[in-house]
Number of protein chains: 2
Amino acid sequence: MAGRARQATENAAQADTDKAIKTRSKKVSRNPQRTHATILEAATEEFAAHGFGGARVDAIAARAQTNKRMLYHYFGDKEGLYLAVLEATYATIRNAEKQLDLARRHPEEGMRELALFTWRHFLAHPEFLSLLATENLHHAHYLQRSDKVSAMHSHLIDELADVLRRGEALGIFRPAVDPISVYLTIAALGFFYLSNRHTLSTIFARKLTAPDALNDWGEHIVAVTLASIRA
Amino acid sequence: MAGRARQATENAAQADTDKAIKTRSKKVSRNPQRTHATILEAATEEFAAHGFGGARVDAIAARAQTNKRMLYHYFGDKEGLYLAVLEATYATIRNAEKQLDLARRHPEEGMRELALFTWRHFLAHPEFLSLLATENLHHAHYLQRSDKVSAMHSHLIDELADVLRRGEALGIFRPAVDPISVYLTIAALGFFYLSNRHTLSTIFARKLTAPDALNDWGEHIVAVTLASIRA
DNA sequence: GCATGATATAACTATTTGGTTACAAGTTGG
DNA sequence: CCAACTTGTAACCAAATAGTTATATCATGC
């Protein structure tokens with residue numbers, strides 16, 4: 001990677017001396033977008049791993065193979081960087097949620113899909129869980145400061161409300177079930193299991209993260225959720 | 001200001017030379033146990049509020065109205081203090097659990113008691129939730145180091161297993177329900193709701209911590225738990 | 001082609017932080 | 001009552017930390 005970049009630089013220099021460059025030399029040592037993205041990625045890992053107070057700006061710069069100056073250039077300060085990480089992470093989640101289209105499924109199947117989607121999502125994005133925990137430690141201080149998060153209430157809720165409505169019409173779900181409570185239930189079961197897996201498996205001597213155990217817990221979430229809303 | 005301080009110092013020096021000080025300044029009294037306890041309490045607040053990396057040793061000393069020296073004297077270093085906080089907090093929980101005696105209750109009532117106990121416990125000890133979140137961020141690194149925690153698996157589990165067994169015998173609970181899964185379910189519903197209340201109420205515009213809302217969620221935990229194990 | 005602004009590097013600084021030391025004063029056993 | 005030990009205070013220190021400055025280099029519009 002570094003070797004390739006160096007070679008590209010040499011090639012570009014060669015081109016410079018040969019003739020005026022109209023040819024936009026693609027990759028060179030300089031690449032603002034990539035630098036920006038790399039810093040954000042490194043910061044996500046660092047903040048997720050150590051929390052806000054434990055994260056080190058130098059470590060982020062090193063992890064991104066860049067320099068503190070760039071980090072401050074793009075994000076202002078440590079708090080600005082943290083906020084950018086938070087917003088980017090939420091944006092990822094929100095995007096993923098758009099894959100869901102439960103409108104035509106049978107309600108019971110829809111609930112299952114919804115619960116498993118959330119569960120798999122948490123599984124695939126452990127950094128999201130860590131950042132959430134950190135942000136709550138700070139009473140959502142930074143999240144509240146974000147103007148992008150106001151319209152961020154999950155698309156899941158709308159899908160969920162629809163599924164519940166249809167299930168109620170079919171007489172298989174209880175009437176007047178609160179969608180937010182159902183969402184909280186699904187999220188709680190997934191979040192707690194994963195977020196607290198380290199202390200939990202220290203206290204109970206049980207391998208919570210074995211593939212089978214993870215699969216079983218996904219089914220457990222589905223079963224509990226359905227049992228709690230069934231007519 | 002500096003001038004005034006200097007003058008005061010000179011006055012004190014004057015007094016010193018005038019006569020030997022017999023006057024025992026009243027209550028600078030020493031009290032090792034109290035100091036120890038106060039430091040632990042202050043440290044619990046600080047670590048719960050800012051996480052391990054964000055906690056400041058100076059802040060703890062100040063909060064305890066003592067001195068860093070004492071803190072290092074009693075607890076060795078920052079990590080030692082953190083571990084002591086963790087152990088003390090777990091000990092509190094474990095003690096509280098001993099209040100439970102569900103052996104003679106009707107299983108359904110027993111489950112209700114158990115779930116509400118856990119919920120109320122979390123409500124009464126927000127610092128426990130914060131410390132758990134922090135400790136999981138660190139992959140339970142410090143908790144694993146503790147020799148006191150090995151035998152710390154919850155007394156709740158035994159009580160719970162008994163209740164489930166009796167419920168199964170009466171034919172009201174499903175057979176072969178796993179007690180740990182049930183406990184995780186109860187804990188998850190309580191933990192997530194409280195631990196993430198700040199981000200949740202930022203995203204959904206809902207007052208999660210209103211007294212009524214808290215009470216309702218307690219009943220929700222009971223209802224979901226029972227629905228998930230009923231025959 | 002070259003002036004200009006954007007992108008990069010590394011060395012630097014002021015402050016904070018965890019941890020220590022010198023020493024004072026209370027406590028206790030003989 | 002006094003020597004030895006415990007409990008306390010404050011000043012101190014080296015390392016780490018967030019943030020800055022000086023300066024170089026690339027890209028590109030003119």
Side-chain angles (χ1 to χ4, degrees), chain A residues 2 5-6 8-40 42-43 46-47 50-83, chain B residues 5 8-9 12-13 15-16 20-40 42-43 46-47 50-83:
Chain A
R6 205 176 305 119
T9 305
E10 283 159 9
N11 290 348
Q14 186 79 13
D16 275 353
T17 51
D18 281 0
K19 57 177 178 178
I21 4 104
K22 259 287 112 80
T23 70
R24 188 139 288 119
S25 58
K26 48 288 245 23
K27 54 339 192 32
V28 201
S29 39
R30 215 165 244 236
N31 190 336
Q33 293 182 355
R34 203 177 68 85
T35 302
H36 181 104
T38 311
I39 291 174
L40 203 58
E46 177 79 4
F47 284 124
H50 302 110
F52 181 80
R56 296 294 161 236
V57 173
D58 285 290
I60 294 171
R63 220 195 268 252
Q65 299 192 71
T66 178
N67 184 288
K68 264 199 295 189
R69 175 67 223 283
M70 287 296 92
L71 189 154
Y72 283 99
H73 176 59
Y74 287 118
F75 300 99
D77 60 5
K78 191 183 181 183
E79 298 200 358
L81 180 55
Y82 175 77
L83 188 53
Chain B
T9 305
D16 275 354
I21 2 104
K22 262 269 122 71
T23 71
R24 188 138 283 126
S25 49
K26 66 257 349 264
K27 274 344 165 21
V28 194
S29 59
R30 14 173 86 183
N31 189 339
Q33 294 180 354
R34 203 176 66 88
T35 302
H36 182 103
T38 310
I39 291 175
L40 203 59
E46 177 79 4
F47 283 125
H50 302 109
F52 180 80
R56 296 293 161 237
V57 173
D58 287 287
I60 294 170
R63 218 194 268 253
Q65 298 192 73
T66 177
N67 185 289
K68 264 196 297 188
R69 171 69 220 285
M70 288 295 93
L71 189 154
Y72 283 98
H73 177 60
Y74 287 118
F75 300 98
D77 59 5
K78 192 184 181 184
E79 297 201 359
L81 180 54
Y82 175 77
L83 189 52

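Any value given below was found using the heavy atoms of this structure, including those in side chains, with hydrogens, waters and symmetry copies removed. Per chain, numbering begins at 1; letters A, B, ... match sequence-line order.
- The distance from atom CG of B:Leu83 to atom NZ of B:Lys78, rounded to the nearest 0.5 Å, is 14.0 Å.
- Every ring-ring contact (aromatic ring centres under 6.0 Å, His included) that A:His36 has, sequence neighbours left out, goes to A:Tyr74, A:Phe75.
- For DNA chain D, none of the residues of residues 51-61 of chain B falls under the heavy-atom distance limit of 4.0 Å.
- Contact of the B:Thr38 side chain with the B:Gln65 side chain is not registered, since no non-hydrogen atoms from C-beta on lie closer than 4.5 Å.
- Listed by chain and residue number, B:Glu45, B:Glu46 satisfy the side chain to side chain donor-acceptor pair (under 3.5 Å) test with B:Arg63 (two or more places apart in sequence, or in another chain).
- When every heavy atom of A:Asp58 is checked against every heavy atom of A:Lys68, the shortest pair comes out as OD1-CE, 3.2 Å.
- Remark: B:Tyr72 engages no residue in a ring-ring contact (aromatic ring centres under 6.0 Å, His included) (not counting sequence neighbours).
- Atom CG of A:Asn67 is separated from atom P of D:dT25 by 15 Å (rounded to the nearest Å).
- Phosphate contact (OP1/OP2 of D:dG8, side-chain N/O of B:Thr66, threshold under 4.0 Å): absent.
- Scanning all heavy atoms of the two residues, the minimum distance from A:Leu40 to A:Leu81 falls at CD1-CD1, 4.4 Å.
- A:Asp77 meets the side chain to side chain donor-acceptor pair (under 3.5 Å) test with no other residue; sequence neighbours excluded.
- With the end axes of the helix from C:dG1-D:dC30 to C:dG30-D:dC1 each set by five pairs, the angle from one to the other reads 10° at 10° resolution.
- The shortest non-hydrogen separation linking A:Ile60 to A:Ala42 is O-CB, 3.7 Å.
- Taking atom NE2 of residue B:His50 and atom C1' of nucleotide C:dT17, one finds them 15 Å apart after rounding to whole Å.
- The stretch residues 68-81 of chain A comes close to DNA chain C through A:Arg69, A:Met70, A:His73, A:Tyr74, each having a heavy atom under 4.0 Å from the strand.
- For the pair B:Thr35 and D:dT7, the criterion of a side-chain N or O lying under 4.0 Å from OP1 or OP2 is not met.
- The two atoms that bring A:Ala61 and A:Leu71 nearest to each other are N-CD1, 4.1 Å, heavy atoms only.
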